[in-house]
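Step one of this worksheet: look at the structure below.
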Amino acid sequence: MNDGERLPLLEMRKVNAHYGAVHALRDVDLSIYEGELVCLLGGNASGKSTTLKTLLGMLKPTSGEVVLDGEVVNDRPTSYRVARGITMVPENRRLFKRLTVRENLQLGAYLRKDSDAIATDMERVYELFPRVKERLAQKAGTLSGGEQQMVAIGRALMSQPRVLLMDEPSMGLAPALVQQNFELISQIHEAGMTVFMVEQNANMALGIADRGWVLQTGRVVLDDTAEALLANPALRTSYLGGGQGDGDNEAAEGPAGESS
Amino acid sequence: MSLAAPSDPAPPPRPASEPAPETGPSVGGSDDDAPPRPPFAQDWRRIARMGAIGAVGQIFISLSNMPVKLDGRAIIEGVLSLGYLSLVVLPLAAGSRVGHQLRREGVPFHRPGAHEVVGGAACGALVGGGLSLLAILIANFNLREPLVNWSPILADLLAFNRGTAFAVVIWLAIGAAVGAAAGLLRVVPPLARRVLWTMVLTLFGAAVLESLTTDLAEGMGIEALIDWFYAPRGGLTITGAIALAAGSGVLALVGRGRIKGAKARIDALEGPARNRAQGGLILATAAVLVILPMFAGKLTNELLANVGLFVLLALGLNIVVGLAGILDLGYVAFFAVGSYSAAVLTAATSPRINPELPWFVALIGVVILTGLVGLFIGAPVIRMRGDYLAIVTLGFGEIIRLLFLSDWLSGWFGGSQGITNIPGAEIFGLAEVAGTDPRSVFYLVLAFCAIAIYVSWRLERSRIGRAWMAVREDETVAEAMGINTVNVKLLAFVVGAVLGSFSGAIFSAKVGSVFPASFLILVSIVILVVVIFGGMGNIVGVIAGSAVLIGVLGGPKQPGLLAEFSEFKLLIYGALLVWMMLARPEGLIPSVRRTRELHQEELAQDAWLRGQTEDDHLENGEGRS
Ligand SMILES: Nc1ncnc2c1ncn2[C@@H]1O[C@H](COP(=O)(O)OP(=O)(O)OP(=O)(O)O)[C@@H](O)[C@H]1O
Ligand SMILES: [Mg+2]
């Protein structure tokens, strides 16, 4: 897949993680290279969000290593990792609802001190999402679902990330928006961003991704290119909870099909 | 469809300058209002319910002894006392409430008319009936055993000293009259209503502020005028009341809309012009606050100083609770640590160490010590969330007080004897601030309040202020943004602690002694109530909250303007808080931010509900033509 010369930007080596006694991640190996768009698939409670939390340092691995740009960051706090270029769009967007859109974006740049560059990045977010600019003074909680997604992505971009982690970006969006959302992600990726996204919507995610992994009860059970995963009949039947992926897919494409 | 209505913004009332429509007594509604309802087609069930609630409330007030205690305080000499006022509040409220109509889309809004007056009278009579019932019960049964205020004094008060039968009749009549008047207020044109309200509030305010105005008048040498307004034994004279009512009524007529207009103009300003307007306002306020005490006597200055001490405390707690969202129920701990450390550092009588530092030098030590205690308490507490955190802070607040009280540390802090003979604060050799000169205390407090206000204001708009709000909103995501949530929360805790310690240090210099009993949990509660009452997260609101609650009702131990209320202070605080949470959760003077957020939520809910009902219609095949 990738030439062995290049170092991964972000890597998990044999990572195990626990919530108390619950074993949430089992010997997980992942590597994300600069400029890639990769995805992590898995059914409910398979440990997808846990993987992101561990990468970001909000959960400490019990064994194994998290490596950021060649440096083992196991003992580094989240703030350090954010400053070094990891950022996350959390599950369900989770904006600071009672703060304004502007404040949300400013908080994305919390660790940065370069106010001029922050201002230019703000402009860049407006370019990407003109709608956001119109709503700067509005409370984030009163935005529509689609607008909230824009602000959530904008907020994440404000930290000048090198790799963007996205937790189920299509969750809770109207079917028509899901398609649009994936287009947006691949647009950001094409602009040069490394993206690691967690998804349950296998077809759509693999449609834009380069590579992917499938997680099942905390263990990586498939690791392959997107095409190979899409072609793998076992993907849905055995790993994503028996045809559930198809169901998702229908939900996502049904109305879009109707309208066209 | 009724679901969507409750918080729909009512259409703006007709500008008072427009002529009222010719038809009947109606004003205050739009032309498509439905005609008034017939007088006797009442919702009797609603009237009975509200009347019953009011009656129970009025009986409760009576048995709390408020009327008897407050009877000594006259509002208008020989006409109305605060005690009798407390007996007619509920008929007034019930009578007004029963005529209240919601303006709902698609539901006719009936113009107020005789219907409202009759309904108000009926409801008020029911509430008054509660007192009639009480009079009968007191005459025939003796429940003095559990109810200490079940007394002949109360009976006499209710009966105007004329026997039970008179009491029964008169309270039914008073209730009905007051209720009808409340209903009538809904019928009269808005202009008249405003004038009436202004008159009533002016009279009430003048009566409540009596000691303040008298004191100020003495300072300015215009006692003669004041003697004309106020009766020798308290309360407005009748002539004074009439003059005041007339004067304020005229002012209301002339000034209608002026204040609102000015405010709107200032709000509409932008950029530097707005800053200038606000700066001018702040300067004017500061000037008044500096000049006012010069004319005021001891009592007024004492009151102002107490209010200032609580403003300082409330501003500190506001950072912790309002900005960072940490519900600290043990805030008094920092007030206590500030007082005690100032006492130890300045007083010669301090048991163990007594460096007898000058106050300002000691203040550095106070800040460091309180900051350390803040860190020490904060470190374990900050890791908890929500209700756990609240409970633990409550515990720490008590622990600190008990430590000062303990035998173990009595060698340091004097146990229950406390530390006495604390010298006043010397201001760079210029002035001596001590309790014997409340004016100087007030100026010192004022200076620290100014610092606290400036610090709060700057912090709120800073990067750290944003981080606090982010933590308040969603701690996990704040962490994911790279905010070190533990440090940030700890900082809020420490900043709050230091502001509280200023108040403590001034307090010990003012009072001259500190005892553990000054730092009861009640202080924490009162400060929190002040913050909530004024409007969490809002500096002006917090100041207004302190001024109203501490100034009028009084602090935990400090008397307010209505010293007669001291016994009922907590009852009133509680009632206010409940009412506030129900009717005005954003506080007395909400920050723009919070009003918008609270009401936007409502609007969003409404929109959602409307969406739901529309969906229902669609599903049932009713909607969309
Ligand atoms: N804070 C926590 N405490 C205890 N157990 C947790 C916690 N968070 C997650 N878990 C458990 O860890 C497992 C993996 O959870 P995780 O949130 O990573 O799943 P997921 O793959 O993101 O699922 P979903 O698609 O539903 O979001 C689940 O069994 C879950 O119950
Ligand atoms: Mg998840």
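Chain identifiers are assigned alphabetically (A, B, ...) following the order of the sequence lines, protein sequences preceding nucleic acid strands; residue numbering begins at 1 within each chain. Every heavy atom of this structure was used, including side-chain atoms; hydrogens, water molecules and symmetry mates were not.
- Within a 6.0 Å radius of OH in A/Tyr19, other residues, nucleotides and ligands contribute more than 12 heavy atoms.
- Between A/Leu107 and B/Val477 there is no side-chain heavy-atom pair separated by less than 4.5 Å.
- In this structure, the portion of A/Pro90 lying under 4.5 Å from any heavy atom of chain B is its side chain and not its backbone.
- Partners of A/Arg162 under the side chain to side chain contact (heavy atoms under 4.5 Å, CB included) rule, at least two apart in sequence or in another chain, are A/Leu9, A/Glu34, A/Asp69.
- Nearest approach of B/Gly482 to A/Ser79, heavy atoms of both residues: O-CB, 3.2 Å.
- Put simply, CZ on B/Arg472 and CG on A/Leu99 are 6.5 Å apart, with the number rounded to the nearest 0.5 Å.
- Heavy atoms from other residues, nucleotides or ligands lying under 6.0 Å from CZ of B/Arg463 number more than 12.
- The backbone N or O of B/Glu473 sits nowhere less than 3.5 Å from a side-chain atom of A/Arg98 that would complete a donor-acceptor pair.
- Every residue meeting the salt bridge (Lys or Arg N to Asp or Glu O under 4.0 Å) condition with A/Arg124, not counting sequence neighbours, appears here in chain and number order: A/Asp121.
- Heavy-atom minimum distance, B/Met481 versus A/Tyr110: O-CB, 4.3 Å.
- For chain B, the option among A/Met158, A/Lys97, A/Arg155, A/Met88 with the highest count of heavy-atom pairs below 4.5 Å is A/Arg155.
- Residue B/Thr476 comes nearest to A/Met58 through the heavy atom pair O-CE, 3.3 Å, listed as atom of the first residue, atom of the second, then distance.
- Between the OG1 atom of A/Thr78 and the CG atom of B/Asn484 there is a distance of 9.0 Å, given to the nearest 0.5 Å.
- In this structure, CG in A/Asn104 is found 10.5 Å from CZ in B/Arg466, a value given to the nearest 0.5 Å.
- For chain B, the nearby part of A/Leu56 is the side chain; its heavy atoms alone come within less than 4.5 Å.
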